[in-house]
Amino acid sequence: MKIYTIGGYNEVGMNMTAVESNNEIVIFDMGYNMSRLVEYSHELEDLTTLEIVERGVIPDDSILKNNAHKVKAIVFGHAHLDHCGAIHKLIDSYQSKIVGTPYTLDIIKRIMKDNKKPIKNELVELNPKESLSLSNNLDLEFIHVTHSIPGTVLCHLNTPEGGFLYANDFKLDNEPTFGEKPDYSRIKKLAHSDLKAMVIDTTRIYDEKRCESESVTKLNLKHHIDMVFEEKGLVLITTFSSHIERLRNIIELNRKRREIVMLGRSLCEYVHPAVRRKYININGITLAWKRRSVESILEKVDKNRENYLIICTGNQGEPNSVLTRLAQGNYENLKLKKNDNVIFSCTTIPTPQNIENRAMLENKLKKLGVRYYKDVHSHGHIMREDHRDMIRMVKAENLIPAHGETERLASFASLAIEEGYEISKNVHISQNSKILNL
Ligand SMILES: [Zn+2]
């Protein structure tokens, strides 16, 4: 079995891995490097794909160049942009089918449409607990897990040389507030199935604990919402637009006390398909992103501020988001002021750009006398002790940490060593554009 570690082995994000067995290849993920995407966003349209690769925005898949005909499928375990955002730039080299859960494919279709790219590849929906035959030798199975976007799965590929598990982004939440807990019985059976290798997400490997459940965050969020509703100002909450479980909780915790408006483009992009899949109910909620409609909604809100809850974009302080614009006084019809409250139901993703953007946003809010609450949030990624659980549960022959720079991958390796693995023998710290021969 050959593992092509294409992207996400020198950085957080830009995930792309391929597996080859018996001259057949399956690709997992084609993601953006999100901080580079922000850094180069103003010039991306003028750059060729090669130039975008050179700037480190998307994975360099040239290592597969002469083998594209061997590719049997491109598989996406979930729809975060650091896993699927680069599809429109890379897909032209491959004719194979694209496989994902229904919600993941909804988002992929939207990405292709936004980039004016027709989809030439066959799209195949696969649900958790289902399998798909990719060839005479390869079977793909999806296993349900929890994360921070609907439709997240572990991808289990069965090959004549043993199994391969792509476990890139998930958490082990035993008390999710939406959907089932992870399919532990299936995960544990992998230990008895000749599992040759596991690629695993290490973004939160430094946190020496288990990841907190979403139900803990829900309780924390309830406390914040109840307290700020006591003040007679406007209340704004911002979170990740793809975090449908969190958005459901915010709507539920409002308990119809205030009229909810959702404002911002990315909210529309993730909430609309979630409504169609019945993952979220937004009856009675106004959802808008175009400047004119946002202005007219804000005019209504301003007349009755204490009766509204605004859910909006801007959790990372993004310059074009609704929250940043509000803080800058860019809207004619509503100005933030004293007694208004902002709940950040998120953490700042620690890239220099995000840190700077958020600091600027918080400064503006402070100057306006707006009170804000940070980190009302739990992460969507397994942490160090979850990793230990996972290593023990699946008992993979080889471990390949991913979704991090060398330091993160090495930190995972030290944990694997504690669990009896040996560096370079059966736990492998790779780099982008390398091939591991197992
Ligand atoms: Zn993710």
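What's counted below: heavy atoms across the whole structure, side chains too, no hydrogens, waters or symmetry copies. Counting starts at 1 for both ligands and their atoms, in listed order.
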The Zn ion (ligand 1) is nearest to which N, O or S atom of [X]?
{"X": "H80", "value": "ND1"}
{"X": "H147", "value": "NE2"}
{"X": "H78", "value": "NE2"}
{"X": "D169", "value": "OD2"}

I'd like to know if [X] pairs up with [Y] as an ion pair, taking the criterion as any Lys NZ or Arg NE/NH1/NH2 lying under 4.0 Å from an Asp or Glu carboxylate oxygen.
{"X": "K129", "Y": "D183", "result": "yes"}
{"X": "E418", "Y": "R388", "result": "yes"}
{"X": "D386", "Y": "R204", "result": "no"}

With rounding to the nearest 0.5 angstrom, report the CD1 to CG distance, I111 to D106.
11.0 Å
